[in-house]
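Quick notes on the structure that follows.
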Amino acid sequence: MAGPLRTAEPTGTPPAPGGRRGGLSGYLLLLPGGVWLALFFVVPTATLVATSLYDPSGSLQLGYRMTGHVQNYADSIQDYSPQLVRSFLYAGTATLACVVLGFPLAYAIAFKAGRWKNLMLVAVIAPFFTSFLVRTLSWQYILGDNEALVSFLRTIRVLGEDGHLLATPFAVVTGLTYNFLPFMVLPLYASLEKIDHRFLEAAADLYSSPFTAFRTVTLPLAMPGLVAGTLLTFIPSAGDYINSELLGNPQTRMVGNEIQDLFAAGDYPTASALSVTLMAAIVVLVFVYVRRSGTEDLV
């Protein structure tokens with residue numbers, strides 16, 4: 001009588017998903033990025049913090065001693081608080097201007113452009129084909145006292161006979177807005193382009209007005225792109241010094257101008273303390289903003 005059937009025993013056990021081999025592969029994939037961040041972010045940041053604690057009485061010729069001089073921070077904030085406040089004011093104004101200009105543009109590209117969508121996206125990123133410096137220098141000619149724009153504004157009495165646009169806060173904010181506008185438009189477009197048009201059709205079927213549909217459907221779904229765009233615009237704007245240097249005057253200097261001059265003059269402790277203060281202030285503002293916007297997964 002035949003005995004019960006016996007199944008063949010497996011000769012080997014396959015590795016479980018997410019097991020040792022999978023975990024090792026994950027670490028290997030993270031290794032290049034981790035090394036890059038350690039070499040070009042962690043080490044420079046630690047060096048900058050250490051430099052900010054040097055004895056300010058040193059010099060490039062005599063060298064600096066590490067004395068843990070925390071007073072560098074208090075001195076830098078006291079001496080350059082107007083530039084810090086001005087930097088955040090200009091950056092915030094430029095970011096708001098980018099939202100006002102960029103949201104309609106991104107909306108038009110995502111929903112209305114049709115076959116012109118790719119061409120419009122190329123037009124948005126076209127300024128990146130030239131250098132940041134050249135783009136900023138071009139605004140010296142656009143806003144110059146003898147150029148068409150100023151002449152027109154004087155003709156319609158928006159500017160006085162001696163009025164000018166160059167070397168003013170308006171020129172600095174205009175330069176910041178122009179240079180960083182693509183960083184607002186592209187994340188907004190990415191979020192708007194993913195919106196299912198059936199949601200908007202459902203809102204219309206429920207008798208929502210276009211404004212109500214925008215406020216309750218489009219804007220919430222576009223919020224990740226809006227938050228990302230404001231961060232990508234505000235953060236580099238706050239630390240920028242090119243626009244203030246080329247389009248402003250001594251009364252429009254931003255904190256980036258002071259940091260650049262301090263490093264050029266060899267005052268490394270003060271420059272480093274001011275840099276760390278700027279970074280810390282931006283980090284605090286970013287975390288507060290992201291938490292209030294409800295998009296904590298972006299950071």
If you round to the nearest 0.5 Å, how far is OG of Ser275 from CD of Gln260?
11.0 Å
Does the side chain of Thr177 come under 3.5 Å of the side chain of Thr174 through a donor N or O and an acceptor N or O?
no
Test side chain to side chain donor-acceptor pair (under 3.5 Å) applied to Tyr73 and Thr277, step by step
CA-CA 7 Å; Tyr73 287 93; Thr277 301; over 6 Å; no
Has Asp261 got a side-chain atom pairing as donor or acceptor with Glu258's backbone, closer than 3.5 angstrom?
no
What distance separates Leu165 CG from Glu147 CD, expressed to the nearest 0.5 Å?
11.5 Å
Any chain of hydrophobic side-chain contacts (each under 4.5 Å) joining Val70 to Leu262?
yes
Could you go through residues 101-121 and list every donor-acceptor pair under 3.5 Å that involves a side-chain atom there, pairing it with any protein atom two or more places apart or in another chain?
none

Is the number of heavy atoms from other residues, nucleotides or ligands within 6.0 Å of CZ (Phe152) greater than 12?
no
Using the rule that two of Ile, Leu, Val, Met, Phe, Trp, Tyr join whenever any of their side-chain heavy atoms come within less than 4.5 Å, decide whether Leu137 and Phe129 are in one cluster.
no
Atom pairs and distances, side-chain donor-acceptor, residues 88-96, under 3.5 Å, sequence neighbours left out:
residue, atom, partner, partner atom, Å
Thr93, OG1, Leu89, O, 2.8
Thr95, OG1, Ala91, O, 2.7

Shared hydrophobic cluster for Ile142 and Ile156 (ILVMFWY, side-chain gaps under 4.5 Å)
yes
If I take atom CG from residue Asp55 and atom OG1 from residue Thr67, how far apart are they, to the nearest 0.5 angstrom?
4.5 Å
Would you say the side-chain atoms of Arg291 pair up with the backbone N or O of Val286, donor to acceptor, closer than 3.5 Å?
no
Can any side-chain N or O of Asn249 pair as donor or acceptor with the backbone N or O of Ala167 at less than 3.5 Å?
yes
Measuring centre to centre across the rings, with the benzene-like ring taken for any Trp, is Tyr54 within less than 6.0 Å of Tyr268?
no
At their closest point, which heavy atom of Leu143 faces which heavy atom of Ala171, and how far apart are they?
CD1-CB, 3.6 Å
Verify side-chain contact (heavy atoms from CB on, under 4.5 Å) between Arg86 and Val255, making sure each step is shown before the conclusion.
CA-CA 8 Å; Arg86 189 180 299 127; Val255 68; over 6 Å; no
Could you walk me through whether Thr51 and Tyr64 pass the side-chain contact (heavy atoms from CB on, under 4.5 Å) check?
CA-CA 9 Å; Thr51 305; Tyr64 291 98; over 6 Å; no
Linking I/L/V/M/F/W/Y whenever their side-chain heavy atoms sit closer than 4.5 Å, directly or via other members, would Leu219 and Val290 fall into one cluster?
yes
Are any non-hydrogen side-chain atoms of Pro269 and His69 less than 4.5 angstrom apart?
no
Are Leu246 and Leu133 close enough that some pair of their side-chain heavy atoms sits under 4.5 Å apart?
yes
Heavy atoms of other groups near Phe128 CZ, more than 12 under 6.0 Å
yes
Checking Ser244 side chain against Thr252 main chain: does a donor-acceptor pair fall under 3.5 Å?
yes
Trace of the side-chain contact (heavy atoms from CB on, under 4.5 Å) decision for Arg253 with Glu245
CA-CA 7 Å; Arg253 288 176 63 83; Glu245 186 73 23; 4.0 Å; yes
OG1 (Thr216) and CZ (Phe214) are apart, to the nearest 0.5 Å, by 10.5 Å
Exercise: identify the closest heavy-atom pair between Val172 and Met254
CG1-SD, 4.1 Å
Within one Ile-Leu-Val-Met-Phe-Trp-Tyr cluster: Val49 and Met66, side-chain cutoff 4.5 Å:
yes
Evaluate the criterion side-chain contact (heavy atoms from CB on, under 4.5 Å) for residue pair Thr270 and Asp267; output intermediate values, then yes/no.
CA-CA 6 Å; Thr270 304; Asp267 190 355; 3.1 Å; yes
What side-chain hydrogen bond (donor to acceptor under 3.5 Å, both in side chains) pairs are there with at least one residue in residues 153-168, not counting sequence neighbours?
none
Has the side chain of Ser138 got a donor or acceptor atom that lies under 3.5 Å from a matching backbone atom of Arg135?
yes
Hey, what else clusters with Phe40 if you join Ile, Leu, Val, Met, Phe, Trp, Tyr whenever side-chain heavy atoms sit under 4.5 Å?
Leu31, Val35, Trp36, Leu39
Ser208 (side chain) donor-acceptor with Ala203 (main chain) under 3.5 angstrom
yes
Working to the nearest 0.5 Å, report the span between CG of Asp75 and CD of Gln78.
6.5 Å
Please round to the nearest 0.5 Å and tell me the distance separating atom CG of Asn72 and atom OG of Ser272.
9.0 Å
Qualifying side-chain hydrogen bond (donor to acceptor under 3.5 Å, both in side chains) pairs with a residue from residues 185-199, counting only residues at least two apart or across chains:
Asp196-Arg198
All N/O donor-acceptor pairs, side-chain side in residues 229-243, below 3.5 Å, sequence neighbours left out:
residue, atom, partner, partner atom, Å
Thr230, OG1, Leu226, O, 3.1
Thr230, OG1, Val227, O, 2.7
Thr230, OG1, Tyr289, OH, 2.9
Thr233, OG1, Gly229, O, 2.8
Ser237, OG, Thr233, O, 2.6
Asp240, OD2, Ile242, N, 3.4
Asp240, OD2, Asn243, N, 3.1
Asp240, OD2, Asn243, ND2, 2.9
Asn243, OD1, Asn179, ND2, 3.1

